[in-house]
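Handing you a structure now.
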Amino acid sequence: MLRRTFLMLAAGVATLGVSAAAVSAQELPKLKQKDKYKVGFAQTESNNPWRIAQTESMKAEAAKLGYQLVYTDAAGSAAKQVADVNSMIAQGVDLIFLAPREEKPLIPAVMAAKKAGIPVILLDRNVDQSLAKAGKDYVTFIGSDFVEEGRRAAEALDKATNGTAKIIQLEGTTGSSPANDRRKGFEDYIKNKPGMKIIASQSGDFARDKGRQVAETLLQAHPDATAIYAHNDEMAIGAISALEAAGKKPGQDVQIVSIDGTRDALQAIIDGKMLATVECNPKFGPKAFETMARYAKGEQIEPWVVNTDRFFDKSNAKQLIADAY
Ligand code: GYE
């Protein structure tokens, strides 16, 4: 905004009883260029290898740069994550990396940081786009194309089954952007495939044991299922246990596709128990801090810094498992 326009605007609202500071709070907070920063990282939970790999990557990069990292773990609670962000604001961090557990409940945290003049970079999950926007309320979203991940999982299943599958879908955390988008990508693809049907769909909260329990119940109700699509590898591994407990052969009686690319999933592919997994790379550290540096320099940051994903199946799982997390 032109300085003159800003001053005019500020004067205008001052007469309405709103301070000039409130006007400038409408703008995205800036980040000063400094040698060392104190940076927050608000993690959602630590109950799976993906989260642990992500946290390690963030901690390693902060240590490499000599930055102080204020790390919090919301232990699976959006309410705690909001409180965690508020505590980072109180501690005066320079910037907050936030992995919003769910799309809507974390909006107040994004807005509180903005109001306090602290820039936020969203990591790995997004917020509701009708309530907050990149370049206005937060700097950018760094992460994968979840719709595309879901589409690729559906395509892999289509190819392996010749377009015939009765599918149980294990959804991720309800209200989270990867669960919403991975469902959309998959369901949009199978709309044009008359032989592919989702016969049951329920959340397993992205967790292995919850995935196992939900798969167990759904398999009892739908013994005719021929495929399982899990929104992440942890739930897919849980589903393998459920299938085996029910006396079925995963990979033969029931085909399994999922997303992430964990070591356990690659091993399941090698063992013939899983068909494929679409990669979702958790190693955000270098890209997160590089984006932060670009922002401090005054660069215009694109609203979405896209991570590109590989694909793992029996053609490459053996070669790539050594690097898996
Ligand atoms: O797939 C899952 C994790 O937000 C992209 O969250 C991430 C997902 C990831 O718990 O394993």
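Note that ligands are numbered from 1 as they come in the structure, with each ligand's atoms numbered from 1 the same way. Every heavy atom of this structure was used, including side-chain atoms; hydrogens, water molecules and symmetry mates were not.
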Counting non-hydrogen protein atoms only, what is the nearest one to atom 11 (O) of ligand 1? Give residue, atom name and distance.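 In this structure, atom 11 (O) of ligand 1 has Asp260 OD2, 2.6 Å as its nearest protein heavy atom.
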Give the atoms of ligand 1, by number and element, whose distance to some non-hydrogen atom of Asn232 is under 4.0 Å.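 Heavy-atom distances to Asn232 below 4.0 Å select 2 (C), 11 (O).
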Provide the closest heavy-atom pair for Asp233 versus Thr262 in the form atom of the first, atom of the second, distance.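 That closest heavy-atom pairing would be OD2-N, 2.8 Å.
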Nearest to atom 4 (O) of ligand 1, what protein heavy atom do you find, and at what distance?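 That would be Asp124 OD1, 2.6 Å.
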Hydrophobic cluster (4.5 angstrom, side-chain heavy atoms) - remaining members for Ile52: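 Direct or chained contacts put Ile52 with none.
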is_close_aromatic(Phe289, Phe97), centroid dist under 6.0 Å: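 Yes, the ring centres sit under 6.0 Å apart.
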For ligand 1, is Asn48 a contact, meaning one of its heavy atoms is under 4.0 Å away?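 Per 4.0 Å heavy-atom rule, Asn48 contacts ligand 1.
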Could you list the atoms of ligand 1 found under 4.0 angstrom from a heavy atom of Pro178?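 Taking each heavy atom of Pro178 in turn, ligand 1 has 4 (O) under 4.0 Å.
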Give the single entry among Arg182, Arg101, Arg125 that approaches atom 5 (C) of ligand 1 most closely by any heavy atom.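 Looking at heavy atoms only, Arg182 sits closest to atom 5 (C) of ligand 1.
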NZ of Lys166: more than 12 outside heavy atoms within 6.0 angstrom?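 It does not: Lys166 NZ has 12 such atoms or fewer within range.
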Does the Lys NZ or Arg CZ of Lys38 fall within the cation-pi geometry relative to Tyr67 - under 6.0 Å from the ring centre and within 45° of the axis?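 The answer is no; the distance or angle limit is not met.
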Does any donor atom in the side chain of Ser87 or Gln91 lie under 3.5 Å from an acceptor atom in the other side chain?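 Judged by distance alone, the side chains do pair up.
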Quick check on contacts: which atoms of ligand 1 are under 4.0 angstrom from a heavy atom of Cys280?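 Those of ligand 1 that fall under 4.0 Å from Cys280 are 5 (C).
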Heavy atom under 4.0 Å from ligand 1: found in Met235's side chain, backbone, both, or neither?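 Neither; no heavy atom under 4.0 Å.
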For a quick test of reading the model, state the closest non-hydrogen atom pair linking Tyr138 to Asn126 and the distance between them.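 Minimum heavy-atom separation between Tyr138 and Asn126: OH-OD1, 3.4 Å.
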Please report whether ligand 1 has a polar contact with Trp50, defined as an N or O pair separated by less than 3.5 Å (distance criterion only).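 For ligand 1, there is no N or O atom that lies under 3.5 Å from one belonging to Trp50.
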Classify the contact between Arg51 and ligand 1 as side chain, backbone, both or neither, using a heavy-atom distance cut-off of under 4.0 Å.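 Side chain only.
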